[in-house]
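Shown next, in structure tokens, is the structure this report addresses.
Numbers here simply count residues along the sequence, with the first being 1.
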Amino acid sequence: MHGSDLDLAGAVRWTQANHKTDKDGREWEQWATANGVGPMRDPARHSAETLRRFLEDVKEGLSDQVLDTARKRDQALQQLESTLGDSPKEKSLIRLLKLTRDHINFSISYGCLCLDASKPTRLKRKVEAPANVEDLLLAVDCEMVETEEDDNTLAQVCACNAAGEVLMNRLVKPEGTITDFRTAITGIEAKDLENLDYSLHDAQAELRRLIGPQTVLVGHTLHRDLSAMRMDALLILDISLLYGIHGQPKRRPALAHLVKQVLRRDDFRAANSTEVHDCVQDVLMTMEVALHRLRNVGNYGKEVPVTVWVAAPPAVETELAARKLYVHRIPQRDDAFPALASLFAGLPRELSVEGLQMVTTAMGNQKLKGAEVSFLSKDLAEQAFLALPAESVEIDQAQRPQKLVRIHFPERTALVCVRPILAGIGRACLETPTLVKEEAAPPESERTPAPPEEKPTPEAKPAAKVWQGKGWPGWRRAAEEALRAAPGQALHWMKLASELVERRQQQAGGSSKEASEPLETLQLLALAALPEEFISDETPLVRLPG
């Protein structure tokens, strides 16, 4: 797809994630079916005209707003590039801005900020480059509370420059009636917001005064902050799009994890073992992480990498977590809870469940759910896990045993994954797994003999890969075909991405420009095309839904 088409596809994906509907109350998939444009869920596989029609049905003029903002972003970046010099740090800043802008999730996160922005973005005049390119950076962080009208209403905003000077630290009077201060996260209490007369409009005006013609806004998932501010921006550096987590390619690393992994600091949000945010500290650490990537360009060699991978965060070992099992890949159904309750009710009486709670999966998948199952002790949780009959047993990325277990609905069955929350529990099942009994194998005389193994001669070259179909079928369909052909219909995400990229480079069809993109760009496109129901944060395997 061309750049403008990707922006439109990202805008439609944004409507999917936020459940935006057209004037008749239909979300994207329902609209596509009703308008006869095909069953393809992925917006990127539809024409620009189709995407425009849907966005116009969501809000008149939305598609033009999206494309106009995208053009301004491209022009602002080109203008900045022509202004800056050729020093390594200046080139690095441009590269990081381009990586943020070109990230497959950028258009999903930032493409529709214009929809709720109080003022449209404007391309400002060209000015002379500063003596130090870091002077262009302005980090922003916000804290939000929940109101009757909005789950994320602005309550605090902070901003700092690259020198570590806090330029703005304001509590903001939330609009609407507050229903949850989220004190455990925000640190904001009711008394902090009493008698405030500093409004959202005041915060917007103060922040805009800090933004110059070529200011680069820096943030961690900055789209959430800008959305709460009801603002948009042209030059954006989002550190959550520049780092990734090993084994979990679609998961964005948390700010606290980046501070620990990148800056090697253990004192951030850890001194009192709480997760309470400090807006000032958050914005300062966000800037430090961004500066680390900017200043360490020489450590990466000739080319700044698309993604810098960091180690996955370890599970927090607590007594409560030790007493729990986690169930995921549960179909989103009204009768999912009783189906799970029935599964665990079938265990011996001494292994009775203390609590069963449905939870949202880490990936926010709307078609699959998770559940936490609590027991009275760690030993009972382990015994219950070992007693569950399983179709198969595997080890996940965190070295925890995981069982594939069948649950029963009135009209069908479904396979779900069950594992302990902590590593080291239930590993006995790896030696003697409790597998579901299968039909007896046929007698030796009735078995079909296996064909003799063909051993290539030392001179033989590996056969060229033969792809299905006559041309490139698109990322999602190619992934489905690769998984169907894989043992157990599952592949490690890195192996799958490599196979998809190899096929894209070799097979004709689609955009020739896309096929010639750099290897890292193709890998990102491959991973971004994987449907949420194919993946899990709990395992590096990508698998077809059962």
(request) Could you tell me the separation between the CG atom of Leu234 and the OG1 atom of Thr69, rounded to the nearest 0.5 Å? (result) 7.5 Å

(request) Work out which heavy atom in Arg26 is nearest to a heavy atom in Gln30; give both atom names and the distance. (result) CA-OE1, 3.4 Å

(request) Count the heavy atoms of every other residue, nucleotide or ligand shown that sit under 6.0 Å from NZ of Lys173, and state whether that count exceeds 12. (result) no

(message) To the closest 0.5 Å, what do you measure between CG (Leu388) and CG (Leu343)?
(response) 5.5 Å

(request) Could you tell me whether Asp7 and Arg101 have a side-chain N and a carboxylate O separated by less than 4.0 Å? (result) yes

(message) Please find the pair of heavy atoms, one from Leu55 and one from Ala11, that lie closest to each other, and give the distance.
(response) CD1-CB, 3.9 Å

(request) Quick one: pull up CG in Asp238 and OG1 in Thr286 and give me the separation to the nearest 0.5 Å. (result) 9.5 Å

(message) So Arg252 and Ser109, do their side chains get closer than 4.5 Å, heavy atoms only?
(response) yes

(message) Donor-acceptor check, side chain of Asn35 to backbone of Trp31, threshold 3.5 angstrom: yes or no?
(response) yes

(message) Show me the pairs that pass side-chain hydrogen bond (donor to acceptor under 3.5 Å, both in side chains) and involve residues 216-230, at least two apart or across chains.
(response) Glu175-Arg230

(request) Might you confirm whether atom CD of Gln75 has over 12 heavy atoms from other residues, nucleotides or ligands at distances under 6.0 Å? (result) yes

Would you give me the side-chain donor-acceptor pairs under 3.5 Å for residues 140-148, sequence neighbours excluded?
residue	atom	partner	partner atom	Å
Glu143	OE2	His277	ND1	3.4
Thr147	OG1	Glu149	N	3.4
Thr147	OG1	Asp150	N	3.1
Thr147	OG1	Asp150	O	3.1
Thr147	OG1	Thr153	OG1	3.1

(message) Quick one: does any side-chain atom of Thr100 pair with a main-chain N or O of Leu242 as donor and acceptor, under 3.5 Å?
(response) no

(message) For the CG atom of Leu544 and the CG atom of Leu491, what is their distance to the nearest 0.5 Å?
(response) 9.5 Å

(message) Salt bridge or not between Asp68 and Lys72? Use side-chain N to carboxylate O under 4.0 Å.
(response) yes

(message) Applying side chain to side chain contact (heavy atoms under 4.5 Å, CB included), can you list everything that pairs with Ala371, at least two apart in sequence or on another chain?
(response) Val327, Ile330, Leu340, Leu356, Met358

(message) Keeping Lys20 on the side-chain end and Val58 on the backbone end, is there a donor-acceptor pair under 3.5 Å?
(response) no

(message) Taking Ser199's backbone N and O only, do any of them form a donor-acceptor pair with Asp202's side chain (distance below 3.5 Å, no angle check)?
(response) yes

(request) Determine whether Tyr243 and His257 make a side-chain contact, defined as any pair of heavy atoms from C-beta on separated by less than 4.5 Å. (result) no

(message) Testing the basics here: between Asp192 and Gly187, what is the closest heavy-atom pair and its distance to 0.1 Å?
(response) OD2-O, 3.9 Å

(message) With a 3.5 Å distance limit and no angle check, can you tell me whether Ser342 reaches the backbone of Pro338 through a side-chain donor-acceptor pair?
(response) no

(request) May I ask you to check whether Glu189 and Thr183 show a side-chain donor-acceptor distance below 3.5 Å? (result) no

(message) Would you say Glu394 and Gln402 are linked by a side-chain donor-acceptor pair, where the criterion is simply a distance under 3.5 Å?
(response) yes

